[in-house]
Structure formats: C-alpha cells, structure tokens
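Below is one structure, written out as structure tokens, with a few remarks after it.
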Amino acid sequence: MLDLPGGSRETVLRTLHGRLAGNPAVLDADRLLRDVLERVMLATVCVSADTALPHARTNAVSRIVLAVARLAPPGVAFDPEHPQIRLVFLIGTPRAEVDSYLRLVGSISRLLRDPAAHDALLAAKSEPEFRAVLAGEVKA
Amino acid sequence: MKGMRDPAALLLERLMRLLRWRLWIQEKLQPTEWQITLMWAAAAGFVGAMSSMLFSVMAEGIHEVMTGHHNAGVVETMRLLPWWGVIAVPATGGLLAGVTLLLGKRIARGQSSTDYMEAIVIGSGELPVRASLIKSAAALFSIGSGGSIGREGPMVQIAAVLASIIGRWRKFSPPQLRLLVACGAASGIASAYNAPIAGSFFVAEIILGTIAMESLGPLVVSAVVAALTVRGLTDAQQLYQVPPFKLSSAWEMIPYTVLGLLAGTLAPWFLRSLRRAEKWFVATTMPPIARLVIGGIIVGDIAVFYPEVAGNGYSVVLSILNGHIAWFALIGIMLAKWLATASSFGSGAPGGVFTPSLFMGASAGYLFGTAVNVFWPTGAADPQAFALVGMGAFLSAATYAPVMAVIMLFEMTLSYDIILPLLLSAVVAYYTAKGVQGESLYSESLRRKAAETPQATLPLGTVRDLMKQNPPVVPTTAHFAEIARMFLSVRVNNIYVTNPDGRFMGAVSLHDIKPYLGDADLAGLVIANDIMREDFPRIRPEQSLSDALGAFLGQTVERLPVIENDGRLLGSLSKSDLLLALVEKRQKPTA
C-alpha cells in the first residue's frame with residue numbers, strides 16, 4: 001500500500017491487518033491483530049528513523065505473512081523516539097518458525113540498510129515498482 | 001546525508017560482529033558439563049598428589065626430628081634407638097597427637113569430624129577444612145613417631161578436603177561435589193600407592209559402589225593426573241619391587257584357594273579385633289590424650305622386641321616378598337604387628353589401616369605358603385608368591401572390593417604372571433569374609449554413622465532436591481544484544497525467559513539465534529518474546545528423579561527448567577547431576 005494517509009499507529013496497523021485478513025494463511029485475524037498490538041506495546045518495533053517492523057509470533061497464522069505500506073509524508077509516530085515512520089512492514093510468523101522469522105526480519109533490515117534500496121522504496125511511483133524493489137531483496 | 005551511517009549503529013554492528021565471533025569460538029571450544037567435570041577432576045588429582053607428597057615429606061621430617069635419625073626407615077630407626085627411646089618416641093607422638101586434637105577442638109569448634117567417605121556416601125560432599133587439617137596434623141605425629149598405622153588415610157583425607165574446597169568454590173551441586181571429593185580420594189590413593197587404576201577402583205568399588213562411567217571416568221582422570229604428578233616430581237616406581245612370581249604348577253591353585261578361605265576368615269577377625277581395641281580404650285574412660293599416650297607406649301613396648309611393628313609395615317612386607325624374613329621370625333612379628341595395630345587404632349591414633357592390612361595378608365600368605373611347601377612342595381613352590389597373593393586376598397576380604405584388591409596388587413608389584421591365583425584367592429576370600437561377617441572395613445562405620453545422623457542421608461527423591469536455583473534468565477523484553485551477551489557470560493545453550501512475576505515464559509535457544517548474531521539491525525529490534533520457544537520442555541519440582549529422567553529422553557537439552565505449579569521458574573535441573581544422583585541413589589547405605 002503506497003502513501004497511506006497519516007493517522008495513528010493503530011490506524012496504520014489496522015489498515016495493514018485488514019489487507020492480511022483475507023489471506024488463507026491467516027487462521028484467526030482478530031488474534032493476529034491482538035498479538036501484533038501486544039507486541040508493539042511491549043518494545044519498539046522501529047529499526048530506523050523512518051521504518052518500523054511491527055510483528056508477532058502467533059498461532060493465528062499457518063505460515064509467514066507480510067503486509068507492507070508506505071505512509072504519506074510526514075509519516076506516523078510509532079513511539080516518542082520515532083515520530084516519522086514512513087515504511088511499515090507488518091509480519092505475522094507461526095510460533096514455531098523462529099528461524100524463518102529471524103531470516104525475514106534480517107532480510108528486511110539488510111534491504112533498508114542499503115541507502116539505494118531505501119530511497120527506491122520511498123521514491124517508488126507505483127505498487128508494482130515498490131514490489132519489484134522488495135522482491136529483488138527480500139526473501140523470506 | 002546519503003551514505004552516512006549513525007555512529008551508534010556502526011558501533012552496535014561491530015559489537016554484534018564481535019559477539020558473533022566470540023560466540024562461535026566459544027561454541028567450538030565450549031566444553032560440555034562432563035568435560036568440565038573431567039577438567040576439575042584433573043585439578044583435584046593434581047592438588048591431591050601435591051598434598052600427598054607434602055604430607056609424606058612432613059611425616060618423614062617429624063620422624064627425623066623425633067628420633068634424630070636421618071634417611072632411615074621407621075623400622076630401621078627403631079632398631080637404632082635405645083630401648084627407652086623406642087618406647088618414648090611413640091608415646092610422645094601420641095601425646096603430641098592428643099594435644100593437637102585437643103587444641104584443634106577449640107579452633108574447629110562446631111565442625112564435625114566428617115571423613116571423606118561419609119561426605120561422599122551419606123553427606124553433601126562438604127568436608128570441614130579446619131577439623132580435617134587438625135586431624136591430619138595429629139596424624140603426622142602418630143605416623144611420624146612410628147605408630148602402627150597407615151599414612152594413606154590422612155593423605156586421602158587431605159586430598160578429598162582440597163577437592164571439596166575446589167567444588168564448593170565452583171559452586172558444584174551436591175552430586176557433583178560428592179563426585180569431586182571422590183576424585184580427590186582417588187588421587188590420594190593413586191599418589192600414596194603409585195597405583196592410579198587401583199585408586200580409581202578403590203573409590204568406585206568401595207565408596208561409590210559402582211563402576212558406571214559417569215563416575216569412573218572422572219575418578220580415572222583424577223588418579224592418572226595424580227600418578228603422573230608424583231612420577232614427574234619424584235622417582236616413584238612400583239611400590240613393591242619384587243622378584244618375578246609365577247604359577248609353577250596348576251596344583252598350586254588348590255592351596256591358593258585354601259589361602260583365600262584363610263584370608264577371608266582372618267580379615268574379619270583382624271577388623272573385629274581393631275574395633276574391640278577401640279571399645280576397650282573408650283571403656284577405660286581415660287581422656288583422649290591419655291589413650292593416645294598409652295597406645296604409643298604399648299606400640300613402643302612391642303617395638304622394643306619387634307621393631308618391625310613400627311610404622312605402616314611397608315618395609316617388612318617388602319622383606320617378606322623378597323624372602324628376607326625367616327618364617328619362624330615372622331610368626332612373632334605378625335602377632336606383634338596385630339597387637340600394635342590394634343593398640344594404635346584402638347587408642348584413636350589418626351591414620352589408616354589399609355597398609356597394615358597388606359602386612360597381615362603378606363604374613364599370613366607367606367606362613368601358609370611355607371607350611372604347604374614343607375608338606376607338599378609342588379603345591380607351594382614359592383612361599384613368597386603366596387605372600388603376594390595373601391596380600392590381595394586379605395585386602396579383598398577386608399574391603400569387600402576384590403577387583404580393586406587384584407588391580408592394586410598388580411599395580412604395586414607389576415607381577416602379572418601371578419594374576420590367576422590372585423584372582424581366585426581374592427574372590428574366595430571375599431565370599432568367605434562375607435559369610436563370616438556381613439560388613440567390610442568401611443561399610444560398618446558408614447552404616448553406623450548413617451544411623452546416627454539420619455538427616456545426613458540426603459533425600460534425593462525429587463527434582464526439588466537436586467535442582468539448582470537462580471538459573472540465568474532474561475525478561476521477555478530483553479533485546480537481542482542483551483541475550484547474546486548473556487550467552488557469552490554463561491555456559492548454557494538455552495536461556496530462560498520470565499515475566500516480571502517470575503513466571504516461566506519460554507527459552508531462547510542459542511541454536512536459533514546463532515546465524516543472526518552478526519546482524520546489528522536485529523540487536524535493537526528483536527526481543528526475547530520474539531524468539532523464545534514457548535513449548536520448551538519443563539519439569540515440576542515434585543516429580544521423581546525417574547520421571548525427570550523420562551523428561552530428558554528424546555530431548556537434546558542438557559538442562560530443564562523446573563516450574564512451580566503457579567508457573568514460576570524455580571530453578572534448573574542438569575542432566576549430568578540427575579544421572580549422578582540416580583547412580584548414587586542405588587548405593588546409599590540403609591540406616
């Protein structure tokens with residue numbers, strides 16, 4: 001989802017979650033949202049000044065699910081230290097798949113550490129272009 | 001600015017990379033719990049050997065000071081002294097030992113006189129340091145003055161105390177501590193007799209009652225290190241240099257069998273006489289110092305006529321094995337030695353009766369072999385060989401440890417050709433002694449002690465008794481970097497995760513996070529809650545040890561968290577502790 005209008009952290013998460021709700025891998029959409037919100041409350045999910053990876057290891061999914069959004073400038077505050085989050089990667093991982101979870105989070109982190117890819121995600125004009133940048137780098 | 005990295009992020013990245021390397025190196029070199037046990041067993045072996053050598057030197061020094069004779073054996077010195085000196089020296093030794101014990105009581109007030117066997121079999125492995133050192137100091141006077149007592153007892157005790165100190169310093173669990181004390185004892189015997197195999201088997205067979213590798217492995221390592229230390233620092237060879245013995249004829253097996261019967265009958269009598277003497281001395285109601293002085297005077301009086309009774313009997317055994325003592329002289333020496341040992345032991349002189357037992361066996365064997373040789377030369381071609389076999393048989397009957405007895409005799413003499421009659425005679429002596437008396441040299445006192453102090457027998461029945469408290473934990477919000485640091489600081493493969501109430505939430509596995517340790521971005525993002533395994537196996541404190549063993553089956557973990565009914569983490573149970581405890585549990589004496 002590109003240039004999602006601003007609002008609150010919860011609005012953004014609910015919007016992204018809404019995209020995942022119809023995914024066959026999501027066994028219990030409500031629980032997924034609850035687990036993600038709980039995790040967000042527990043500790044920061046931001047990896048840089050403008051990127052957040054809200055995530056949860058949960059029994060609500062049967063395999064890893066990922067929803068990505070780019071928020072419209074100036075972004076949304078996820079916590080006091082991160083007031084302008086623009087890129088949000090919502091991840092749901094089955095409880096048993098610790099390794100897959102770490103691999104995916106690591107891949108996203110590596111992608112965003114590359115200034116060119118980071119800028120390309122922020123500058124992408126369309127969803128297909130945005131997806132192409134992601135597809136080239138992120139492998140779960 | 002494009003291309004610029006946050007210095008803090010760079011630092012974190014470098015830190016995580018460093019952690020990854022350190023963890024990799026640590027994992028490759030990380031010893032298992034068993035390897036750590038072996039390492040400390042080796043340390044116990046080394047300090048045990050050093051302390052044994054020091055004790056030996058000190059005992060000889062005291063002997064020289066008390067007698068004024070240098071570089072002469074105890075028996076030789078007694079021959080050189082005037083008759084009053086022969087009486088005065090052991091009496092003075094008794095006095096000094098008694099004074100040491102009396103003064104020591106004030107220093108070691110409140111400490112029990114636990115010996116190493118009690119600490120291993122019915123105790124927690126903790127040995128009182130001051131009380132043990134005082135007893136050993138008193139033993140130096142008993143032994144140095146020529147008391148008819150063995151020096152191996154105090155040597156083994158000191159080695160065991162040092163091992164106990166090491167174990168307590170390393171905060172070993174009770175089963176591990178008991179095993180380390182057993183390793184100390186094995187090192188003491190290995191150094192005293194230059195016999196590492198016998199040292200290991202002595203402890204395994206007599207004290208632990210098992211030769212399971214869980215315990216025998218560390219004992220062997222400790223004994224080998226001790227023997228190597230002694231051999232490296234002294235010119236130690238086999239204890240008894242003897243001519244080659246062999247089985248001259250298959251007919252000899254008949255007298256050897258009879259020798260087994262004889263030793264199996266004599267050994268219980270010998271032990272009973274020692275206990276009778278002890279009771280007699282106690283019944284006199286004399287103060288301990290007076291008892292020790294009287295004991296010394298009796299030994300001295302006997303030594304005026306038979307100087308061979310002084311000391312542990314080593315030189316006399318050597319003479320018997322080499323055929324330097326006439327049989328008719330040996331009859332008197334044997335009876336005198338018996339009486340002298342009973343006097344020393346009964347008066348409370350600190351020391352061992354292991355070597356005096358060898359003396360009795362050698363004498364009995366030689367006299368029996370000589371008698372057979374007179375009437376049937378084919379049945380006993382070499383009476384000295386009977387002396388050697390007699391030692392093994394007597395030891396087997398006294399200790400109820402035939403395997404150890406055979407190995408010890410072999411190691412002390414390196415006479416392999418005599419092994420067949422030695423084996424047979426040791427086994428026959430063992431069964432005979434068991435028939436005559438139900439208990440060995442050591443088991444009777446241990447049983448009595450266990451009955452006196454029922455609380456000493458640890459009720460290792462449930463997981464709660466054996467678990468270690470305060471295992472390393474992290475909160476659910478602990479960051480990846482913090483978890484990695486903890487893995488570096490403690491040697492575990494799983495770190496437990498608890499919530500603020502102390503409830504167990506799961507465990508973070510080193511195996512899971514290892515590939516991602518270099519990823520600095522995860523350091524601040526991932527928390528314990530994200531990567532812990534909630535389905536980590538666990539046990540309850542009230543579960544039995546057998547149940548706990550079942551919980552370990554099919555798991556690759558070395559430790560399991562112990563969880564209270566309300567979900568609180570109480571501690572952790574180590575698989576190695578559990579196996580040791582189960583091995584021990586089968587061997588506990590019943591009160």
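Everything quoted here is computed from the prediction, not taken from an experiment. Note: hydrogens, waters and symmetry copies are ignored here, and every other heavy atom, side chains too, is used. The sequence lines fix the lettering, A, B, ..., with proteins before strands; numbering per chain opens at 1.
Minimum heavy-atom separation, B:Asp512 to A:Leu102: O-CD1, 3.7 Å. Shortest non-hydrogen contact noted between B:Leu525 and A:Val45 is CD1-O, 3.3 Å.
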Before giving the answer on side-chain contact (heavy atoms from CB on, under 4.5 Å), spell out for A:Arg39 and B:Ile527 the whole-Å C-alpha distance, their side-chain angles and the decisive distance to 0.1 Å.
-> CA-CA 10 Å; A:Arg39 171 59 184 89; B:Ile527 59 173; 3.5 Å; yes
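At distances below 3.5 Å, at least one donor-acceptor pair connects side-chain atoms of B:Arg533 with backbone N or O atoms of A:Ala96.
The contact between A:His55 and chain B is made entirely by side chain atoms (from C-beta outward), counting heavy-atom distances below 4.5 Å.
Of the charged side-chain nitrogens involved, none lies within less than 4.0 Å of a carboxylate oxygen, so that B:Asp530 and A:Arg57 do not count as a salt-bridged pair.
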